[in-house]
Colleague: 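First the structure, then my questions, so here it is.
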Amino acid sequence: NGPSGLVSAHGGSVIRGNGPSDTGSGLSAEAYCRRHEITVIGDNVPPPFTSFEATGFPSEILREVQNAGFSSPTPIQAQSWPVALQSRDIVAIAKTGSGKTLGYLLPGFMHLKRTRNNSQMGPTVLVLSPTRELATQIQDEAMKFGKSSRIAVVCLYGGAPKGPQLRDIDRGADVVVATPGRLNDILEMKRISLHQVSYLVLDEADRMLDMGFEPQIRKIVKEIPARRQTLMYTATWPKEVRKIASDLLVNSVQVNIGNVDELVANKSITQHVEVLASMEKHRRLEQILRSQEPGSKIIIFCSTKKMCDQLSRNLTRQFGAAAIHGDKSQTERDHVLSQFRTGRTPVLVATDVAARGLDVKDIRVVINYDFPTGVEDYVHRIGRTGRAGATGLAYTFFGDQDAKYASELIKVLEGANQRVPPEVRELASRGGGMNRFRRWGPGSGGRDGGRSDSSYGGRDGGRGG
Ligand code: ADP
Ligand code: MG
């Protein structure tokens, strides 16, 4: 069972292991976790370090922490440090600003002390980060806290000349912080070796996957010996992240801070939800398409390949549409995507799987012709518009058969200050009973236990991207 097996919190393994209960601060581990909304999943999970002294970090690190003016570890640090120090794989889920960076950096420094590798032969610690800005922030933090331990930190990111970065590598690096694209370029030039890496961090894993870095990440991981510790830090825990975690991590411990199940949609997207009968959808779709500025890039999501093909056939003459789904060959997909990117076919009809990793920046409208099998996918789909400060527009057709998602959808709409149509409230009150929290409960059959994918015969099962 991988880290996605949330059921283990109540089932097979033990939620709070047999960890001793004294945390050194007078508060029991249990009470500390309750107070800070920490939940852990895994076997024999050690109790949190509620003070810096409890960590056993060497004095030079403790001094830096003191210099920074920090009074105690943040909850994600308190619980991920003892796990990471046991050299175990970890998935840490906590919102932005919760101190995740030091959560992996300080145990990484301890790891470095143990390995005593030669930095000229390549890094021991590798941190992957989605953007240049984040990578340089991590580098700053690593240099600040690693200075007195003489830890050499190098940062590799795109959009800047390679020369100085290559020279930095040649001078020797204990820690490399890199964006996946640039690191791959440098790997292809054979100017860096990852054969010494034994501590791998995927920071902001959700964002890296959103940005389409999954293939690059997998390529990089192939260069790293399997005998390693892998740590994944993420603000959200969607399917894609769970999948890559189960592929890359071994016997991991999962640490959650707060209600990680809360879904948050981008507030710059205007979300229209319309309760419609199936037979009304097509007419309404055409109406929406006609009302858009000509040439606007639009994605229409539907749940079956058949529906994808049918819609794109119906729409293509008037609007310029093409379909993409798991039955299309890679060549076809590449062609369809490039036509979409250039705006030659501004309407793309897609299944979720085929749209995964799709990196098209100027999408104006997302239309959910069929509601997805979960509100998480909904948030993910509409997140394809409204990127990089632009405003986006989402239209969603919602039917009786989707009633079970109504209450959760309402939370997302309200969370983003969107109008909730009375018809959706009506569906929710009529006992669209399943809400995501119930799925956490004992005997829920796992995180996805309440889903009904299997009832959709034609659902796109192929791997996209
Ligand atoms: P995240 O990666 O979770 O978004 P960061 O690691 O960037 O968060 O940390 C956010 C801010 O909190 C940074 O300025 C960092 O220096 C600070 N910080 C980290 N650990 C602590 C701590 N134990 N106490 C107070 N502030 C901290
Ligand atoms: Mg961070």
Side-chain angles (χ1 to χ4, degrees), residues 23-25 27 32-33 35-39 48-85 90-110 125-149 151 153 155 157 175-180 199-211 213 217 230-238 241 245 254-260 262 264:
T23 60
S25 67
L27 202 61
Y32 180 88
C33 288
R35 175 176 301 177
H36 296 283
E37 295 187 79
I38 300 175
T39 48
F49 293 145
T50 57
S51 69
F52 288 115
E53 294 67 44
T55 61
F57 289 145
S59 55
E60 65 268 20
I61 288 183
L62 292 178
R63 209 165 32 241
E64 295 301 338
V65 165
Q66 205 168 27
N67 289 343
F70 299 165
S71 57
S72 57
T74 65
I76 192 68
Q77 293 165 355
Q79 186 62 76
S80 58
W81 283 341
V83 175
L85 290 173
I90 183 169
V91 176
I93 311 164
K95 63 174 191 280
T96 304
S98 53
K100 293 192 285 296
T101 318
L102 290 180
Y104 58 77
L105 280 181
L106 298 188
F109 293 170
M110 301 300 284
V125 172
L126 173 64
V127 180
L128 296 179
S129 164
T131 66
R132 168 184 179 155
E133 289 69 31
L134 287 163
T136 52
Q137 272 173 37
I138 296 163
Q139 182 195 29
D140 289 346
E141 194 110 328
M143 297 218 287
K144 181 167 158 201
F145 288 89
K147 197 170 68 200
S148 49
S149 316
I151 291 169
V153 186
C155 195
Y157 47 79
V175 178
V176 162
V177 183
T179 56
Y199 189 97
L200 169 67
V201 181
L202 308 181
D203 193 19
E204 307 240 8
D206 50 353
R207 263 185 86 187
M208 286 201 286
L209 297 192
D210 255 359
M211 292 172 70
F213 281 135
I217 293 171
T230 311
L231 304 92
M232 200 157 103
Y233 283 71
T234 182
T236 62
W237 188 227
V241 182
Q254 185 179 315
V255 177
N256 298 331
I257 308 297
N259 175 19
V260 296
E262 198 174 303
V264 183

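In listed order, ligands and their atoms are each counted from 1.
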Colleague: Would one find an N or O of Ser71, backbone or side chain, under 3.5 Å from an N or O of ligand 1?
Modeller: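 In fact, backbone or side chain, Ser71 has no N or O that close.
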
Colleague: Go through ligand 1 atom by atom and flag the ones less than 4.0 Å from a non-hydrogen atom of Ser72.
Modeller: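 Those atoms are 22 (C), 23 (N), 24 (N).
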
Colleague: Considering only heavy atoms from C-beta outward, does the side chain of Ile217 approach that of Leu202 to under 4.5 Å?
Modeller: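 SC-SC contact between Ile217 and Leu202 confirmed.
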
Colleague: Contact between Pro48 and Cys33 at the side-chain level, heavy atoms closer than 4.5 Å - yes or no?
Modeller: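 Yes - at least one pair of side-chain heavy atoms lies under 4.5 Å apart.
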
Colleague: Would you check if Thr236 and Arg207 make a side-chain contact, meaning some heavy-atom pair closer than 4.5 Å?
Modeller: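 They are not in contact (no side-chain heavy atoms under 4.5 Å apart), so the answer is no.
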
Colleague: Can you classify the ring geometry of Phe52 versus Trp81 as parallel (below 30°), tilted (30 to 60°) or perpendicular (above 60°)?
Modeller: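 Rings of Phe52 and Trp81: tilted, as their planes differ by 30° to 60°.
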
Colleague: Determine, counting only non-hydrogen atoms of the protein, whether one lies under 4.0 angstrom from atom 11 (C) of ligand 1.
Modeller: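 So atom 11 (C) of ligand 1 lacks protein heavy-atom neighbours under 4.0 Å.
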
Colleague: Within the 4.0 Å heavy-atom shell around Lys95, which atoms of ligand 1 are there?
Modeller: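 Taking each heavy atom of Lys95 in turn, ligand 1 has 3 (O) under 4.0 Å.
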
Colleague: Between ligand 1 and Ala94, can you find any atom pair, the residue atom being a heavy atom, that is separated by under 4.0 Å?
Modeller: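 No, Ala94 has no heavy atoms under 4.0 Å from ligand 1.
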
Colleague: For Gln137, is the nearest heavy atom under 4.0 Å from an atom of ligand 1?
Modeller: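 Per 4.0 Å heavy-atom rule, Gln137 does not contact ligand 1.
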
Colleague: For Phe145 and Phe109: C-alpha separation, side-chain torsions, deciding distance, then whether ring-ring contact (aromatic ring centres under 6.0 Å, His included) applies.
Modeller: CA-CA 9 Å; Phe145 288 89; Phe109 293 170; 8.0 Å; no

Colleague: Quick one: does Ala68 get within less than 4.0 Å of ligand 1, heavy atoms only?
Modeller: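 Ala68: no contact with ligand 1 (<4.0 Å).
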
Colleague: Is there a side-chain contact between Phe49 and Leu85 (heavy atoms, below 4.5 Å)?
Modeller: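 When only atoms from C-beta onward are counted, Leu85 and Phe49 do touch, with a gap below 4.5 Å.
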
Colleague: With a sphere of 6.0 Å drawn around CD of Gln66, does it hold more than 12 non-hydrogen atoms of other residues, nucleotides or ligands?
Modeller: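 Open: at most 12 neighbouring heavy atoms sit under 6.0 Å from CD of Gln66.
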
Colleague: Could you tell me the residue and atom name of the protein heavy atom closest to atom 17 (C) of ligand 1, and the distance to it rounded to 0.1 Å?
Modeller: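 Here the closest protein heavy atom is Phe70 CZ, 3.9 Å.
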
Colleague: Which residue and non-hydrogen atom of the protein lie closest to atom 6 (O) of ligand 1, and at what distance in Å?
Modeller: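 Looking at atom 6 (O) of ligand 1, the protein heavy atom closest to it is Thr101 OG1, 2.5 Å.
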
Colleague: If you measure every N/O of Gly99 against every N/O of ligand 1, is any gap under 3.5 Å?
Modeller: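 The answer is yes, given that Gly99 and ligand 1 share an N or O pair closer than 3.5 Å.
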
Colleague: Has Phe52 got any heavy atom lying under 4.0 angstrom from an atom of ligand 1?
Modeller: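 It does, in that a heavy atom of Phe52 comes within the 4.0 Å cut-off of ligand 1.
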
Colleague: In this structure, does ligand 1 have an atom that sits under 4.0 Å from one of the heavy atoms of Glu204?
Modeller: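 No, Glu204 has no heavy atom closer than 4.0 Å to ligand 1.
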
Colleague: Measure the distance from atom 20 (N) of ligand 1 to every protein heavy atom, then report the residue, atom name and distance (to 0.1 Å) of the closest one.
Modeller: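 Protein heavy atom with the smallest distance to atom 20 (N) of ligand 1: Gln77 NE2, 2.8 Å.
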
Colleague: Who's closest to atom 4 (O) of ligand 1 heavy-atom-wise, of Pro75, Gly97, Ala235?
Modeller: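 Ranked by closest heavy atom to atom 4 (O) of ligand 1, first place is Gly97.
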
Colleague: Near Thr74, which atoms of ligand 1 are under 4.0 Å from a heavy atom of that residue?
Modeller: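 Counting from 1, the qualifying ligand atoms are 21 (C), 22 (C), 23 (N).
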
Colleague: Distance to 0.1 Å, residue and atom name: give those for the protein heavy atom nearest to atom 13 (C) of ligand 1.
Modeller: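 The protein heavy atom lying closest is Glu141 OE2, 4.6 Å.
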
Colleague: Any side-chain heavy atom of Val201 within less than 4.5 Å of one from Leu128?
Modeller: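 Counting from C-beta outward, Val201 and Leu128 never come under 4.5 Å.
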
Colleague: When you compare the side chain of Val175 with that of Tyr199, does any pair of heavy atoms fall below 4.5 Å?
Modeller: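 Not touching, per the 4.5 Å side-chain cut-off.
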
Colleague: May I ask you to test the Thr234-Lys100 pair for a side-chain heavy-atom distance under 4.5 Å?
Modeller: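 A side-chain contact under 4.5 Å is absent here.
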
